[in-house]
Amino acid sequence: LETTAGISREQAIGKTPLETGMVIAGEEGEMEARFRLFLDSRKPLQDYDQALCLPDGRTLLLSLSSAELTLNEEPCLIVVAKNVTELRQAEETRQQLSQASRLALLGEMTASIAHELNQPLGAILSNTDAAEMLLEQPHPPLDELRLILADIRRDDLRASAVIEKVRALVGARSIHREALDVNELLSETLVLLKHDANRRGVTLLLEPAPQLPRIEADAMQIQQLLINLIVNGMDAMQQTPLASRQLVVRSSLKNGSEIMVSVEDRGHGIPSEKLSRVFESFYTSKEEGMGLGLALAQSIAEAHGGYLMAENNPATGATFYCILPFEPPSNR
């Protein structure tokens, strides 16, 4: 109590925690009554989380465990309290970080998403106008109307697919593993970012290695990782002359049991003293950056048994690597 709650031995000896001035947090009376019920029942506690308000206004979260024993023929209850305030806060922060990262990424992708939605929606509107004009004719051409309806249906499905991707990026969800073609996912990701790249004057190049094995991974999460790396590379080329703004994405086989995706930019590179910190949460060199994108990408890679690396290029810019494992045929 001396170090955790700031209550001296003289104040604590012979008193219950509540008699020292600590108050059980929660609705008035309810949490205290529930805690006393546990103690009166003499049932052992095991990792029971209880919040206490200290006399100085701080709140501690304690993990309580208890055991009953007999001392000098008197029944005694030994209660061990472990301060888990920082641990629980760290767990909550990690959960919030994952959600905040998705929201930050969504902000960066607004232009691309709007473009991807405007295309099918604009096509639907144009086809609807054309259908209305045809219907005004004395003998509407039914074959043409059927083709228009088919186009509307196809564009509607395209818009729904874009919305579903956005929902998956923003929503909190567990890992759903499936057999994933990395080259196919890279191609889809570059299509998604094509408009943003054009707006920035960046040329996107894809150099896929042929016949790569599939990996067991969550497609949405891996795509989020790739988007983070590619957007980060495009951000790094803001001061690069337009003619030199080129970003190359490559896939390759590594060590016979891993697939490596590299994202090479021609930006300003990474200062050597900061190279080891680029994947830290809330660390960023961008004036308006939150320092979440690369940290999120690292956490996704690690959740899939992989890892990220970064290095400066010999001439200019930097290359980020994502290494993900796959199961070799001999181990299947």
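- At least one donor-acceptor pair under 3.5 Å links the side chain of T240 to the backbone N or O of R266.
- Taking D129 as the reference, nothing meets the side-chain hydrogen bond (donor to acceptor under 3.5 Å, both in side chains) condition, with sequence neighbours excluded.
- Taking the side chain as every heavy atom from C-beta outward, L185 and T189 approach each other to under 4.5 Å.
- In terms of heavy-atom proximity, G201 sits nearest to R245 at O-CB, 3.4 Å.
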L145/L142 under side chain to side chain contact (heavy atoms under 4.5 Å, CB included): CA gap, chis, key distance, verdict = CA-CA 5 Å; L145 287 171; L142 297 183; 4.2 Å; yes

Please lay out, stage by stage, how R154 and D151 fare under the test salt bridge (charged side-chain N to carboxylate O under 4.0 Å, His left out).
-> CA-CA 5 Å; R154 184 187 67 249; D151 287 342; 2.8 Å; yes

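- Taking 4.5 Å as the limit, some side-chain heavy atom of L247 sits within range of a side-chain heavy atom of V263.
- In this structure, the side chain of D181 engages the main chain of N183 through a donor-acceptor pair within 3.5 Å.
- In this structure, the side chain of T316 engages the main chain of G267 through a donor-acceptor pair within 3.5 Å.
- Applying the 6.0 Å contact sphere to CD of Q137 captures more than 12 heavy atoms from other residues, nucleotides or ligands.
- Hydrophobic cluster membership is shared by L206 and L226, with clusters built from Ile, Leu, Val, Met, Phe, Trp and Tyr side chains linked at under 4.5 angstrom.
- With contacts defined as side-chain heavy-atom distances shorter than 4.5 Å, the pair P208/L186 does not qualify.
- In this view, N312 and I270, A318 satisfy the side chain to side chain contact (heavy atoms under 4.5 Å, CB included) rule, not counting sequence neighbours.
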Show the numbers, then the answer: is there a side chain to side chain contact (heavy atoms under 4.5 Å, CB included) between L229 and V249?
-> CA-CA 10 Å; L229 295 184; V249 181; over 6 Å; no

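- Connection of F320 to M260 is not established within any shared hydrophobic cluster, with ILVMFWY side chains joined at heavy-atom distances below 4.5 Å, either directly or through further cluster members.
- Contact annotation: the side chain of P213 approaches that of L253 to within less than 4.5 Å [non-hydrogen atoms, C-beta and beyond].
- Judged by distance alone, the side chain of S262 and the main-chain N or O of Y321 form no donor-acceptor pair under 3.5 Å.
- Q223 places a side-chain heavy atom less than 4.5 Å from the side chain of I227.
- R250 meets the side-chain hydrogen bond (donor to acceptor under 3.5 Å, both in side chains) test with E207, E264; sequence neighbours excluded.
- The closest side-chain heavy-atom distance from N198 to K194 is below 4.5 Å.
- Using a 4.5 Å cut-off on side-chain heavy atoms (C-beta onward), I148 and L134 make contact.
- At least one side-chain heavy atom of R200 sits less than 4.5 Å from a side-chain heavy atom of V231.
- The main-chain N or O of E258 is never found under 3.5 Å from a side-chain atom of N255 such that the two would form a donor-acceptor pair.
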